Number of protein chains: 2
Amino acid sequence: MKKKSKQHYAARARVAKALAHPSRLLMLDALAEGDKCVCELTELVGSEQSTVSKHLAVLKQVGIVEDRKEGVMTFYRLKVGCLEGFWSCIEAVLQEHLKEQQVALRG
Amino acid sequence: MKKKSKQHYAARARVAKALAHPSRLLMLDALAEGDKCVCELTELVGSEQSTVSKHLAVLKQVGIVEDRKEGVMTFYRLKVGCLEGFWSCIEAVLQEHLKEQQVALRG
DNA sequence: ACCCTTTATGGCGATATTACCATGGAGCCA
DNA sequence: TGGCTCCATGGTAATATCGCCATAAAGGGT
């Protein structure tokens with residue numbers, strides 16, 4: 001196990017923080033199926049367009065998505081293909097936690 | 001691709017948020033090598049003991065770690081084995097972002 | 001030129017996060 | 001009992017996040 005610098009953990013945390021919002025996770029899941037414009041994502045999320053735009057800026061800033069202008073529209077695209085590993089880890093945590101809570105209820 | 005509920009994304013986000021702090025990531029990395037008491041983790045992180053204790057409570061609440069009392073000490077233990085997938089995803093994002101920035105500098 | 005649509009950004013208030021300090025409980029030992 | 005260590009919790013101030021509104025820029029059509 002290599003020792004990592006505090007800065008490395010800070011960098012990791014910045015990425016994790018960008019992922020730590022329900023609307024952003026929802027949009028990432030949608031983007032996994034293909035590129036989407038801001039208007040589509042806005043309808044999907046159900047918040048104000050400005051809010052969605054800011055969420056996308058957060059994802060873009062850490063390099064998870066990239067944008068592409070086409071006329072008046074902006075399309076966003078997933079830039080990393082690793083999110084499946086991320087999901088499965090999160091899901092494993094949720095599963096484990098759920099199991100534990102059920103045991104607690106029975107006990 | 002299954003459709004997931006907003007609540008599901010909220011649950012995912014809670015887990016991601018628990019992971020989104022440098023000190024917590026550092027501690028998780030240390031815990032991957034074996035159980036550690038709060039005092040060890042406090043020295044590792046370099047913050048106040050109370051701060052570390054609260055970070056551990058955050059990780060415990062979402063089910064990533066569990067604690068075990070031994071006399072006067074409390075040992076924390078990783079409860080999920082999936083963090084490698086999480087790391088590798090984060091690292092992939094960082095790599096991609098770094099590469100892009102280098103291109104921007106050369107351009 | 002004018003209007004409509006699509007995005008991005010600034011501002012603001014509400015809420016959440018974070019780190020420190022102080023405190024208190026609990027185990028251990030003399 | 002008294003003192004020590006280890007740990008958790010409440011309080012508080014600084015900072016960050018979030019969602020909405022208002023606004024502005026820019027493309028496309030008439």
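Every chain is numbered from 1 and lettered A, B, ... according to where its sequence line falls, protein lines coming before strand lines. If you're wondering where the values come from, they're calculated on a predicted model, not measured in any experiment.
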Inset, instruction - Could you list where the contact with chain A starts and ends along DNA chain C, reading 5' to 3', using a 4.0 Å heavy-atom cut-off? - result: C:dT5 to C:dG11
Check: residues 40-52 of chain A side-chain donor-acceptor pairs under 3.5 Å, at least two apart:
{"residue": "A:Glu40", "atom": "OE1", "partner": "A:Cys37", "partner atom": "N", "Å": "3.0"}
{"residue": "A:Thr42", "atom": "OG1", "partner": "A:Val38", "partner atom": "O", "Å": "2.7"}

Inset, instruction - Quick one: label A:Ser47 by what it contacts on the DNA or RNA (base, sugar-phosphate, nothing), any heavy atom closer than 4.0 Å. - result: sugar-phosphate
Inset, instruction - Would you mind classifying the nucleic acid contact of A:Thr42 as base, sugar-phosphate or nothing, using non-hydrogen atoms under 4.0 angstrom? - result: nothing
Inset, instruction - Find out if a path of hydrophobic residues (ILVMFWY) with successive side-chain heavy-atom gaps under 4.5 Å connects A:Val80 to A:Trp87. - result: yes
Legend entry - Nearest-0.5 Å distance, CD of residue A:Glu66 to CG of residue A:Asp35: 8.5 Å
Inset, instruction - Name the nucleic acid region contacted by B:Gln49, choosing base, sugar-phosphate or nothing; use a 4.0 angstrom heavy-atom cut-off, strictly under. - result: base
Show every donor-acceptor pair shorter than 3.5 Å between a side-chain atom in residues 13-25 of chain B and any protein atom, with sequence neighbours excluded, or say none if there are none.
{"residue": "B:His21", "atom": "ND1", "partner": "B:Ser23", "partner atom": "N", "Å": "3.0"}
{"residue": "B:Arg24", "atom": "NE", "partner": "B:Ala18", "partner atom": "O", "Å": "2.7"}
{"residue": "B:Arg24", "atom": "NH1", "partner": "B:His55", "partner atom": "ND1", "Å": "2.9"}
{"residue": "B:Arg24", "atom": "NH2", "partner": "B:Lys17", "partner atom": "O", "Å": "3.3"}

Legend entry - Steps toward salt bridge (Lys or Arg N to Asp or Glu O under 4.0 Å) verdict (A:Asp67, A:Arg77): CA-CA 6 Å; A:Asp67 58 342; A:Arg77 192 178 77 82; over 6 Å; no
Inset, instruction - Heavy atoms of chain B, cut-off under 4.0 Å: which first and last nucleotide of DNA chain D, 5' to 3', fall inside that, if you could look? - result: D:dT5 to D:dG11
Inset, instruction - Applying side-chain hydrogen bond (donor to acceptor under 3.5 Å, both in side chains), name anything that partners B:Glu70, two or more places apart in sequence or on another chain. - result: B:Arg68
Inset, instruction - Describe the nucleic acid contact of B:Tyr76 in one word from base, sugar-phosphate, nothing, applying a heavy-atom distance below 4.0 Å. - result: sugar-phosphate
Inset, instruction - Check whether A:Val65 and B:Leu94 end up in the same hydrophobic cluster, where Ile, Leu, Val, Met, Phe, Trp and Tyr are linked by side-chain heavy atoms less than 4.5 Å apart. - result: yes
Inset, instruction - Please report the C-alpha distance between A:Asp29 and B:Arg12 in whole Å, then the side-chain angles of each, then the deciding distance to 0.1 Å, and finally whether the side chain to side chain contact (heavy atoms under 4.5 Å, CB included) criterion is met. - result: CA-CA 12 Å; A:Asp29 222 4; B:Arg12 284 179 162 188; 4.0 Å; yes
Legend entry - Position toward the 5' end of DNA chain C (nearest nucleotide), A:Val72 or A:Thr51: A:Val72
Inset, instruction - Specify the residues of residues 17-27 of chain A, ordered by number, for which at least one heavy atom lies under 4.0 angstrom from an atom of DNA chain C. - result: none
Inset, instruction - Remember a base hit wins even if backbone is also touched, and classify A:Thr74 as base, sugar-phosphate or nothing at under 4.0 Å, heavy atoms. - result: sugar-phosphate
Inset, instruction - Carefully, step by step, assess A:Lys69 and A:Met73 under the rule side chain to side chain contact (heavy atoms under 4.5 Å, CB included). - result: CA-CA 6 Å; A:Lys69 312 257 183 200; A:Met73 293 157 80; over 6 Å; no
Legend entry - Distance-minimising heavy-atom pair for A:Tyr76 and A:Leu31: O-CD2, 3.3 Å
Legend entry - A:Ile64 and A:Lys79, any side-chain heavy atoms less than 4.5 Å apart: no
